[in-house]
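Here's the structure we're looking at; comments come further down.
Below, each value reflects all heavy atoms present in this structure, side chains not excepted, and no hydrogens, waters or symmetry copies. Note that the structure is a prediction, hence the values are computed from the model and not measured. We number each residue from 1, following the sequence as shown.
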Amino acid sequence: MLPIIYGNKLDGQLQRILDRSISLTTQIEEQTKAILDTVKNAGNRALYDYTKQFDGVGISQLEVTEAEFEAAFKEVSPELKEALEGAMANIEKYHLKQVQTGYEIKEANSYLKQIVAPVERAGIYVPGGKAAYPSTVLMNAIPAKIAGVEEITMVTPPNKEGKIKASLLVAAKLAGVDRVLKVGGAQSIGALAYGTETITKVDKIVGPGNAYVAMAKKLVSGDVGIDMIAGPSEVVIIADGQANPKYIVADLMAQAEHDEMASGIVVTTSERLASEIQILAEKMSAVQPRKEIIQTAFKDFGAIIVVSDLEEAVALVNQIAPEHLEIHTQNPEAVYPKIKHAGAIFLGEFTPESVGDYYAGTNHTLPTNATARFSSPLNVHDFQKKTSVVYYNREALSAARRHIELIAEEEGLFAHRDAVSVRFEN
């Protein structure tokens, strides 16, 4: 059951919810290090062995063939393909606005430039099994493609038949993924980070995964770039007394069905609404196919928090910095400008978080566990890097000479000073 908490009693319960995270234990770290080292040394052989060990299937080749792509397009219904194409068009439209082209600052005797360029190779991790989501393929691949990444490699674990879910392959082909490999887990992150006989080393790895994938991304960070360490999913809903409790419970369940550690929190100004949500949550979750997962998530990491007014609600949300924030109030347009920290904001009762997950065009790879305080959704910039260019002629260096020399002397770096002064010796 979703517990109801009142504002002056929320500290302990809220902190327990906020403290939840993927359990990156010492044991997981040691096991992941061993996997990464083995992949680094043994290459493809390690990938085949680990796929047999962890996924329970022996595969004869790593890369998905054109024949497998063709079979996937035949298997996926025209309606689903059309839906994926519609989502793709919206994602492209939104992310095209993020493209940067650099800039120049020109003076009489000098100029400065910033060059924006894509990373050459990106690796996308897409979970398999029950969590095989074609939307994740689109959300990760399309920004990379728009950024101008030359080669996009997707890794995802095969099923017990050694196959990849057809909708994942269709999404990959539509989004312009260059290669799809039948390998998952920490071993696939190692393959992307270090390269094997089949997999070319990439420059950036993105995409969600389990604790071992998260740990592997953490350990290879520095050897390659990564997007973020994703934690369990979460939604916070701000609601006033006019909100529809049935819609709110539906949206809480949509988040809770991910896994038992998903968090759903309602912050409301109405005690009546709080009671209605609590009763409906019990009733509506009982008929869901994933009811055990939903009800466990509700009990362990859910809450209905009653506050005195919307100002208190906003202050609490800014403290939580949620991955997803829905605003179910009479005038959500007046509330959302006050939000400082959230991964994505959904306005009004007809904008469920599912719209953003699948179709609107905004990215659903979002910062979790309060990292929205300093992190952004996955975007085109994640696949671009910036280089600075500096040009001074003799006159410009002469004008700046004394300032540079003074700062260098203050820092005790006399060779830095001399690198300037030597250019003005007779």
Side-chain angles (χ1 to χ4, degrees), residues 62-99 118-128 131-158 163-184 188-189 192 199-200 202-209 213 225-228 230 344 354-366 377-384:
L62 290 169
E63 188 163 0
V64 173
T65 65
E66 280 303 315
E68 289 174 294
F69 278 112
E70 290 172 9
F73 272 86
K74 292 176 182 177
E75 182 178 338
V76 167
S77 70
E79 293 81 8
L80 177 56
K81 181 174 176 287
E82 183 181 351
L84 292 173
E85 288 171 336
M88 181 175 166
N90 291 337
I91 295 165
E92 286 178 336
K93 181 168 61 177
Y94 181 83
H95 288 80
L96 277 168
K97 293 287 188 181
Q98 298 172 352
V99 175
V119 301
E120 285 188 38
R121 297 184 180 91
I124 297 172
Y125 187 90
V126 177
Y133 305 138
S135 60
T136 298
V137 179
L138 300 181
M139 294 292 180
N140 285 270
I142 291 172
K145 201 72 178 176
I146 290 172
V149 175
E150 291 181 17
E151 185 177 78
I152 302 172
T153 301
M154 176 176 134
V155 293
T156 187
K163 298 180 179 179
I164 305 300
K165 189 176 181 181
S167 60
L168 296 187
L169 296 183
V170 170
K173 185 65 77 173
L174 291 175
V177 172
D178 296 288
R179 307 177 71 196
V180 178
L181 286 305
K182 300 177 183 179
V183 59
S188 70
I189 302 300
L192 292 172
I199 301 174
T200 305
V202 303
D203 303 304
K204 185 99 181 234
I205 301 173
V206 301
V213 170
I226 65 169
D227 53 347
M228 63 185 79
S354 304
V355 172
D357 265 0
Y358 296 129
Y359 203 74
T362 54
N363 207 289
H364 78 200
T365 303
L366 301 168
L378 187 73
N379 59 77
V380 171
H381 304 162
D382 285 303
F383 300 97
Q384 294 178 320

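Summarising the geometry of Glu120 relative to Asp203, their closest heavy-atom pair is N-OD2, 3.2 Å, with the distance given to 0.1 Å. Shown here for Tyr125 and Pro208, the closest heavy-atom pair between the two residues is CD2-O, 3.0 Å.
Applying the salt bridge (charged side-chain N to carboxylate O under 4.0 Å, His left out) test to residues at least two apart or on different chains, the pairs with a partner in residues 65-76 are Glu66-Lys173, Glu68-Lys182.
Residues Met154 and Val64 form no side-chain contact, since every pair of their non-hydrogen atoms from C-beta on lies 4.5 Å or further apart. Residues Glu82 and Glu79 are not in side-chain contact: their nearest non-hydrogen atoms beyond the backbone lie 4.5 Å or more apart. Residues Ile205 and Ile189 have side chains in contact (heavy-atom distance under 4.5 Å, counting atoms from C-beta outward). A heavy-atom distance below 4.5 Å is not found between the side chains of Thr362 and Pro377. Within the 4.5 Å cutoff, the side chain of Val155 has heavy atoms near those of the Leu192 side chain.
Of the possible donor and acceptor atoms, one in the side chain of Thr156 sits under 3.5 Å from a partner among the backbone N and O of Val126. Panel note: side chain Asp227, backbone Gly207; a donor-acceptor pair is recorded below 3.5 Å.
Among Arg121, Lys204, Lys145, the one residue that satisfies the salt bridge (charged side-chain N to carboxylate O under 4.0 Å, His left out) test with Glu151 is Arg121. With Thr153 as the fixed residue, the side chain to side chain contact (heavy atoms under 4.5 Å, CB included) test singles out one of Val177, Asp178, Leu181: Leu181.
Note that OG1 of Thr136 and OH of Tyr358 are 8.5 Å apart. Values are rounded to the nearest 0.5 Å.
Remark: Ser77 engages no residue in a side-chain hydrogen bond (donor to acceptor under 3.5 Å, both in side chains) (not counting sequence neighbours).
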Under 3.5 Å, which donor-acceptor pairs link side chains of residues 88-99 to any protein atom two or more places apart or in another chain?
{"residue": "Asn90", "atom": "ND2", "partner": "Tyr359", "partner atom": "O", "Å": "2.8"}
{"residue": "His95", "atom": "ND1", "partner": "Ile91", "partner atom": "O", "Å": "2.8"}
{"residue": "His95", "atom": "ND1", "partner": "Gly361", "partner atom": "O", "Å": "3.4"}
{"residue": "His95", "atom": "NE2", "partner": "Asn363", "partner atom": "ND2", "Å": "3.3"}
{"residue": "Gln98", "atom": "OE1", "partner": "Val380", "partner atom": "N", "Å": "2.9"}

(Q) Using the rule given for salt bridge (charged side-chain N to carboxylate O under 4.0 Å, His left out), can you reason through Arg179 versus Glu63, listing the C-alpha separation, both sets of side-chain angles and the distance that settles it, and then say yes or no? (A) CA-CA 7 Å; Arg179 307 177 71 196; Glu63 188 163 0; 2.8 Å; yes
